[in-house]
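Below is one structure, written out as structure tokens; the observations come after it.
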Amino acid sequence: MVGTSKPAPLNHVPRSMTSSPLRVSSPRHGCPVTVVTAVQSGAAPLSPEVTQTGGGAGMKLLTHNLLCSNVRGLRPGGGFPLRIQASDVSVRPVPFNAAFVARLVPRLRWGALLEAAESLGHPSELPPEPAPDYEGDEAFLRRVHHVLLEVEVLEGFLQCPDSGRQFPISRGIPNMLLSEEEA
Amino acid sequence: MQPPPPPRGCRMEHEATQLEKQHVHSVYENTAAYFNDLQSKAWPRVRNFLLEQKPGSLIADIGCGTGKYLSVNNQVYNIGCDYCGPLVEIARKKDEEVLVCDNLNLPFRDQCFNAVISIGVIHHFSTKQRRIKAIKEMARVLIPGGQMMIYVWAMEQKNRRFEKQDVLVPWNKALCSRHFSESNQSGDKGEFVHAVKSQDIHPAQLVISDCSYQTNLQPEIDSKHSHNMDHCLSRACCMKISEEENRFYSALGRSFRSWFFSTSLDESALRKQADKMKPPKNEGDWANSTVPIQHSRHCSLDLGHRGTLLKEQSLDDDDVFVESLSLKKTQWSSATDALRDLSLNGGHQSVAQSKSEEASCINGPVEDRDYSCGCNKDGAGKSNASKSSFKRTSTTDSTDSALDSAVSVGDQTDATLDTKAFMRYYHVFREGELCSLVEESVPELQILSSCYDHGNWCIIAEKRGT
């Protein structure tokens, strides 16, 4: 079940991002498209509304990389990564700190990061795996910095891949509370 | 007709969640607007713990409230989470990375944080099992070698004495109005004022909430000592009362101790209660029962470093689970009357005399069915006080049935909210109790240090493993 979306025209792309065609990703397992748009063949792919300044802070993809579904009874690992269904995404510059980013890289679930970035219409131009010498590669670190810290989800849902349960994100705040029955 | 009651374990868990819903979550939600970070600085030890973390660390503040610790160290990535949506909204507006979740079921993958802090949170869980679960969840998300800092409210306090470990503490608005006027508010101020205006507070009801002065995790309310925790009542706010009333209530607040409602929701206590209510299968059961039937002064089940659960119960505990628990309105009114008498007769002078640490004068009116309001007999120096309808009730006679008090406060939800006497539930920790809890039940953590800090027990523990 894909959350309802408002298809929106592509807004100004932040200058730190090279212009690249937006792609709607197809998740691996043939599940419904997670990007909150309807894609018809031949139609230009739509993206979640991207605003330059945003309406305040939103969930960063670094946070998303740590989040998993806590629904009871999932298969092992079945709660990660949460599928992002965003209807409002904002991009805000954050001061770049190479050392900081370099330290974060080994902590990340890399595949989930790439998938998340793509699902937001922010393909990260990142390699499938970090190169062994990533620490010294500033261009690489800047791209990591961008997707981790500068892209924020203001409104939308996080969907548990195993159970399908959707956790709302409102005003930039994910709500991961379960009902008493679910817990 | 009534459906059969759920099995005991589920029922206790349900009771616990209900108690916390009523006396933790609901209170924070309703009072969130009054929290103001300007008044609550970060505790130095917590600050230091955060500042010592390596740059690039991932740190979680579980129970972050309005997020005051999330901006201490900008060399690390801080995530805050809290059960209370309104508090999290406030943190989000300050640009902190936050989410809403349950400490008992953290939505984070295993071993992802370098450090975790839990400041003034665990003491809101109403059973030992839940407290353990909360700590275990935090340990789960810690990387091996990562450290956790936990702060909980201590039973041992410098200027007051908790007679029981499980207490309901009213939220004292009057003490906050002073602070409120001194503070620079953000744009939220409009909301506060609006909220206040819409309240209709009966003076008598004020007395209950105000004279139950509580929490400061420090001996007295003093604007110099402003590093309080968010749950400190002095944070809360903003009532429009006259200056004179304000001064009186402040004085009253400083002198009076907190209302105590005591019981423990611990499973063994509940089992014993439930057992007692059922007819024994045979007489031998009682004879062989491990529960000595004797009055216990404290009736608390956790004896911390003593390591054993003391299963003493007062006989009066039998009706903890009686369904028709109800807070006798008369008890509340007689308490307010008594206190009002005290105040109107200039009794605050005698009240002031009862500043002694000795047993606080106020054992909540609902602690004992037959009981209106306790009074420190030492405070009877002035004639006014001695004429009041206070009477001393010894704790040995008191019905250790705060659960029914708590529940009955719950029954009167509307009345309670009307009085603005939001009652927050705390399990205050004895010395060594937190350590024992971790040592016995959370083997994945190794305690590195523990100390007493401004009325709190604090530990730092490390996740075992390489």
Side-chain angles (χ1 to χ4, degrees), chain A residues 54-72 76-82 92 94-95 97-109 112 135 145 148-149 152-154 158 160 165 167-183, chain B residues 6 10 13-14 16-18 20-21 25 53-60 64 67 70 73-114 130 133 137 140-141 143 146:
Chain A
M59 180 196 73
K60 296 181 197 286
L61 292 187
L62 173 50
T63 299
H64 168 262
N65 203 259
L66 306 174
L67 284 177
C68 70
S69 167
N70 48 5
V71 171
R72 196 174 35 175
F80 181 89
L82 295 165
R92 284 193 303 161
V94 170
N97 179 332
F100 181 79
V101 177
R103 284 202 193 90
L104 291 176
V105 168
R107 318 293 299 278
L108 303 170
R109 294 284 172 87
E135 286 179 72
H145 166 85
L148 278 186
L149 302 174
E152 301 176 340
V153 181
L154 294 169
L158 297 169
C160 171
R165 210 276 198 193
F167 299 93
I169 303 175
S170 314
R171 291 177 299 282
I173 302 171
N175 187 328
M176 308 301 295
L177 288 177
L178 297 172
S179 66
E180 222 171 309
E181 298 81 44
E182 286 172 306
Chain B
C10 296
E13 189 68 7
H14 181 71
T17 49
Q18 288 303 109
E20 289 160 21
K21 194 167 172 181
H25 305 311
Q53 301 305 317
K54 290 197 207 115
S57 290
L58 297 170
I59 303 190
C64 66
L70 299 174
N73 184 346
N74 59 12
Q75 298 298 302
V76 302
Y77 188 76
N78 297 284
I79 296 181
C81 52
D82 202 284
Y83 197 101
C84 175
L87 289 175
V88 172
E89 299 267 356
I90 294 171
R92 180 89 270 186
K93 286 197 177 92
K94 294 186 294 176
D95 217 9
E96 307 295 359
E97 188 74 357
V98 283
L99 50 104
V100 174
C101 71
D102 187 338
N103 193 161
L104 299 179
N105 206 346
L106 293 174
F108 300 113
R109 45 183 174 91
D110 294 357
Q111 300 184 14
C112 58
F113 289 105
N114 299 85
R130 289 165 77 81
K133 188 170 177 197
E137 264 294 273
R140 176 182 69 77
V141 304
I143 61 171

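Note: hydrogens, waters and symmetry copies are ignored here, and every other heavy atom, side chains too, is used.
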In this structure, CG of Leu104(A) is separated from OH of Tyr77(B) (nearest 0.5 Å) by 9.0 Å
Report which part of Val76(B) has an atom under 4.5 Å of a heavy atom belonging to chain A: side chain, backbone, both, or neither. backbone
Residue part contacting chain A, namely of Asp110(B), when any heavy atom lies under 4.5 Å: neither
Is any side-chain heavy atom of Asn105(B) closer than 4.5 Å to one of Arg72(A)? no
Considering non-hydrogen atoms only, spot the tightest contact between Leu58(B) and Leu66(A) and give its length. CD1-CD2, 4.0 Å
Looking at side-chain heavy atoms only, is the closest gap between Val100(B) and Ile173(A) below 4.5 Å? yes
Write down the atom of Val98(B), the atom of Pro174(A), and the distance for their closest heavy-atom approach. O-CD, 3.5 Å
Whatever's closer than 4.5 Å to a heavy atom in chain A on Gln111(B) counts as neither
Do Arg103(A) and Lys54(B) come close enough that some side-chain heavy atom pair is under 4.5 Å? no
Taking the side chain as every heavy atom from C-beta outward, state whether Met59(A) and Leu99(B) have any atom pair closer than 4.5 Å. no
For residues Arg171(A) and Arg92(B), determine if any side-chain heavy atom of one lies less than 4.5 Å from a side-chain heavy atom of the other. no
With respect to chain A, which residue among Ala60(B), Cys112(B), Pro55(B) yields the maximal number of heavy-atom pairs within a distance under 4.5 Å? Pro55(B)
I want to check something: taking the side chain as every heavy atom from C-beta on, are Arg107(A) and Ile143(B) in contact at a cut-off of under 4.5 Å? yes
Would Asn65(A) and Arg109(B) count as a side-chain contact (heavy atoms from CB on, under 4.5 Å) if you check the C-alpha gap in whole Å, the side-chain angles of each, and the deciding distance to 0.1 Å? CA-CA 9 Å; Asn65(A) 203 259; Arg109(B) 45 183 174 91; 3.0 Å; yes
Atom SG in Cys81(B), atom CG in Asn175(A): separation rounded to 0.5 Å? 11.5 Å
Interface residue of largest heavy-atom contact number with chain B, from Glu152(A), Glu180(A), Arg109(A), under 4.5 Å: Arg109(A)
Select, from Phe167(A), Phe100(A), Phe80(A), the one with the greatest count of heavy-atom pairs under 4.5 Å involving chain B. Phe100(A)
Rounded to the nearest 0.5 Å, how far apart are CG of Asn70(A) and CG of Leu104(B)? 11.0 Å
I need the residue from Asp102(B), Thr17(B), Asp95(B), Val88(B) with the largest number of non-hydrogen atom pairs under 4.5 Å to chain A. Asp95(B)
Can you say whether Leu82(A) sits under 4.5 Å from chain B via the side chain, the backbone, both, or neither, judging by heavy atoms? neither
Please confirm whether the backbone N or O of Lys60(A) pairs with a side-chain atom of Glu97(B), one donor and one acceptor, at under 3.5 Å? yes
Residue from Ala99(A), Gly77(A), Cys68(A) scoring the most non-hydrogen pairs under 4.5 Å with chain B is Cys68(A)
